[in-house]
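Nothing here was measured: the structure is a model prediction, and the numbers come from that model. Throughout, protein chains are lettered first and strands after them, A, B, ... in sequence-line order, and every chain is numbered starting at 1.
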Amino acid sequence: MPELPEITLLARQMKDELVGKTIVGVTVLQPKILNVPQDSFCEALNGARLIDVRHHGKWITVETTQGWLMLSLGMGGEILLFADDRQFPEKRQLVLTFRDGTHIVVSFWWFGYAHYAEHPEDHAMTAKLGPNALDLTLDEFRALLRGRRGGIKSFLLNQGHIAGIGNVYVQDPLFRARIHPLRKIDTLTDDEIAALWRALQDTLQGSIDLGGSAWEMDLYGKKGGWSEEQMVVAYQESKPCPRCGTAVEKIRTGSTSTFICPQCQRLEP
DNA sequence: TTGAATGTTGAGGA
DNA sequence: CTCCTCAACATTCA
């Protein structure tokens, strides 16, 4: 479940390790992950030197001297750094080999993308994204919500509005701000919006500080420290709410599920 | 065997 | 135009 914290950490590590290196080999093991024909993809990146690695929402954006590589791990996966080529994981979709003999191995278990774009603005999936959730001030957050009528949870998950929040990291902030996921945006008070913004920053930054999710690996294969113990209500079905003791419930919210405390997060006042 | 799981897109309808 | 729902898609697990 790589969301903003894990992607932020991966992009940071990739930047530290890879900037300045030159790609001398591109191996695609599953062409369906590409947005261009395999030949053009390999040709475009072969010989490219890495200039920078950043992220936009859940996408890792790699700037090279020959255009941009955009990576999305979808529902889960890893990007691992290897010093030699002996112990690659069985399942892998893309391997980049650098002139110094190191490799980057990209694998995801479902729905991932490795896209090439000559210019970043050519790549619709990243160009359409809203600002990164952690780069947003409270005033900007308020401005984004102004005039909206939909449910708050689906707004937060919409990457075109705010980038980086997924179904894992959206649940605890809603609980901490005591907001039901189906609450309509135009019924939220100023205080609730401020509490939600605060809780989002705290949850996301807190996970980054702990090295990201304990179910995902970083560039070196190391797992993060943000585990079940850090979750307040997320995935804590039928356990007591830490605030009032009521049993946590799992509810359907559109096509996803959300764990809530039915007492603290009421739909009706 | 069935359905649900972290994501994204596109189509369609109110 | 906005917002919601549905289905589809590279898999894995209970």
What is the separation between atom CE on M75(A) and atom C1' on dT8(B), rounded to the nearest whole Å? 10 Å
So, are K21(A) and D100(A) salt-bridged, with charged N and O less than 4.0 Å apart? yes
Check every strand shown and say whether K153(A) touches a base, only sugar-phosphate, or nothing at a heavy-atom separation below 4.0 Å. nothing
Write out the stems for DNA chain B, ordered by first number and formatted as range with range, counting runs of at least 3 consecutive Watson-Crick or G-U wobble pairs under 3.5 Å. B:2-5 with C:11-14, B:7-14 with C:2-9
salt_bridge(R176(A), D172(A)) N-O dist < 4.0 Å: no
Looking for any heavy atom pair under 4.0 Å, which part of the strands does G254(A) touch: base, sugar-phosphate only, or nothing? sugar-phosphate
Of all heavy-atom pairs linking E216(A) and G77(A), the shortest is OE1-O, 3.1 Å
For the pair made of CD in Q30(A) and P in dC9(C), what is the distance, rounded to whole Å? 14 Å
Side chain of W59(A) (C-beta onward), nearest among dA10(C), dT8(B), dT12(C): dT8(B)
In this structure, how many angstroms lie between the P atom of dT9(B) and the NZ atom of K58(A), rounded? 10 Å
Would you indicate, yes or no, if dC6(C) has its OP1 or OP2 atom less than 4.0 angstrom from a side-chain nitrogen or oxygen of S255(A)? no
Using a strict threshold of under 4.0 Å (side-chain N to carboxylate O), is an ion pair present between D218(A) and K223(A)? no
Choosing from dT12(C), dC3(C), dG7(B), which nucleotide comes nearest the side chain of R148(A)? dC3(C)
Which part of the nucleic acid, if any, lies within contact of Y113(A), taking any heavy atom under 4.0 Å across all strands shown: a base, the sugar-phosphate backbone alone, or nothing? base
If you find the nucleotide of DNA chain B closest to N167(A) and the one closest to K128(A), which residue's nucleotide is nearer the 5' end? N167(A)
The side chain of K250(A) is closest to which nucleotide in this list: dA4(B), dT11(C), dG7(B)? dA4(B)
Let me know the distance between CH2 of W215(A) and P of dA5(B), rounded to the nearest Å. 16 Å
Could you tell me the separation between the CZ atom of F108(A) and the P atom of dA10(C), rounded to a whole number of Å? 13 Å
When all nucleic acid strands are considered with a 4.0 Å heavy-atom cut-off, which category describes Q159(A): base, sugar-phosphate, or nothing? sugar-phosphate
Taking NZ, NE, NH1 and NH2 as the nitrogens, is one of them in K91(A) or E78(A) under 4.0 Å from a carboxylate oxygen of the other? no
Please work out if I33(A) contacts a base, only the sugar-phosphate, or nothing of the nucleic acid, heavy-atom cut-off 4.0 Å. base
Compare side-chain N and O positions of S257(A) against OP1 and OP2 of dA5(B) and report whether any pair is under 4.0 Å apart. yes
Phosphate OP1/OP2 of dT11(C): any K91(A) side-chain N/O under 4.0 Å: no
Among dG7(B), dT12(C), dC3(C), find the nucleotide with the atom closest to the side chain of F111(A). dG7(B)
Starting at CH2 of W110(A) and ending at P of dT12(C), how long is that distance when rounded to a whole Å? 11 Å
Tell me the interatomic distance from L182(A), atom CG, to dT5(C), atom C1', rounded to whole angstroms. 14 Å
Output, in order, the C-alpha distance, side-chain angles, deciding distance and verdict of ring-ring contact (aromatic ring centres under 6.0 Å, His included) for F88(A) and H103(A). CA-CA 9 Å; F88(A) 287 171; H103(A) 308 265; 5.2 Å; yes
dA5(B) phosphate, OP1 or OP2, under 4.0 Å from R252(A) side-chain N/O: yes
Taking the six-membered ring of F175(A), is the NZ or CZ of R243(A) close enough (under 6.0 Å from the centre) and on axis enough (within 45°)? yes
Using a 4.5 Å side-chain heavy-atom cut-off and chaining through intermediate ILVMFWY residues, the residues clustered with W59(A) come out as W68(A), M70(A), Y113(A), M125(A), L129(A)
Here the distance between atom P of dT8(B) and atom CE of M70(A), to the nearest Å, is 14 Å
Side chain of K184(A) only, please: which of dC4(C), dA10(C), dT8(B) is the nearest? dC4(C)
